[in-house]
Amino acid sequence: MDSKKKILVVEDEKNIAVVLAYNIKKEGYDCDMAHDGETGLNMALTGGYDLILLDIMLPKMTGFEVCERIRYKSQVPIIFVTAREEEKDRILGLETGADDYVTKPFSFKELMARIRANIRRSSGEVARVVESHDAPIAVGELVIDREHYSVTKNGEPVELSKKDYDFILFLAENLGVAYSREDLLEKIWGYDDYYGDIRTVDVTVSRIRKKIENDPARPEYLLTKRGIGYFLCKR
Ligand code: CA
């Protein structure tokens, strides 16, 4: 018996929220709506959702703030729904811990592909953690503890979102090998070429660098291989 996955739509434009919810339900998910940031946050923290679709410009509390506050307590997949190019650019500099974003106007097909991929990844990982008895991987001062699903640097825990952890783990398991952003989208987000936005990878890399590098502007661990992509450096 496969219980229905639950999605929360936080969107103040009610006609958009209603259309989203209608289409999401048509795909076989349960779907609730919130029309301001505060209500969205409360529902996200108490409703047991499998994924949150989060608008950015919201009354009472912005989507960025909602995301940050959800992340204190939960690793539920969060997809930002952004209205404009400037917001997309703001996301690139953000560290709120969202898993992905889509820009309005988006095709519903694309959005559903991303929802499915995020939910699939997120439920897949839970199973992997339970089964994992793999030894920790040490990379310089970093230790990736695959049994406890955590990363430490010099013995101090590094606060990472689930996606950040997956990203580091994947590169650590393939130490020294550079992957293109398209490959990383496929392996870590579960997207195929058509649906992924490669800038999602850049956002994640910049966020992780701020957390693991001594100087994020001069990374020593998570390196760029020009013309190819990213890799985790053997040290
Ligand atoms: Ca809005």
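Values reported hereafter were calculated over all heavy atoms of this structure, with side chains retained and with hydrogens, waters and symmetry mates removed. If you're wondering where the values come from, they're calculated on a predicted model, not measured in any experiment. Order of listing sets the numbers, starting from 1, for every ligand and every atom in it.
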Original post:
Distance only, no hydrogens: is a donor on one side chain within 3.5 Å (strictly under) of an acceptor on the other, for Asp202 and Tyr230?
Top reply: yes
**OP:** For the pair Asp99 and Arg71, find out whether any cationic side-chain nitrogen is under 4.0 Å from an anionic carboxylate oxygen.
**Re:** yes
**OP:** With sequence neighbours left out, write down each residue that passes salt bridge (charged side-chain N to carboxylate O under 4.0 Å, His left out) with Glu38, or none if nothing qualifies.
**Re:** none
Original post:
Taking the inter-plane angle between the rings of Tyr149 and Tyr165 on a 0 to 90° scale, is it parallel (under 30°), tilted (30 to 60°) or perpendicular (over 60°)?
Top reply: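 Tilted: the ring planes of Tyr149 and Tyr165 meet at 30° to 60°.
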Original post:
Which pairs with one or both residues in residues 7-17 pass side chain to side chain donor-acceptor pair (under 3.5 Å), sequence neighbours excluded?
Top reply: Glu11-Lys104
Original post:
What protein N, O or S atoms come within a distance below 3.0 Å of the Ca ion (ligand 1), ordered by chain and number?
Top reply: Asp12 OD1, Asp55 OD2, Met57 O
Original post:
If you group Ile, Leu, Val, Met, Phe, Trp and Tyr whenever their side-chain heavy atoms sit less than 4.5 Å apart, what else falls in with Leu223?
Top reply: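 Phe231, which link up through side-chain heavy atoms under 4.5 Å apart, make up the rest of the cluster.
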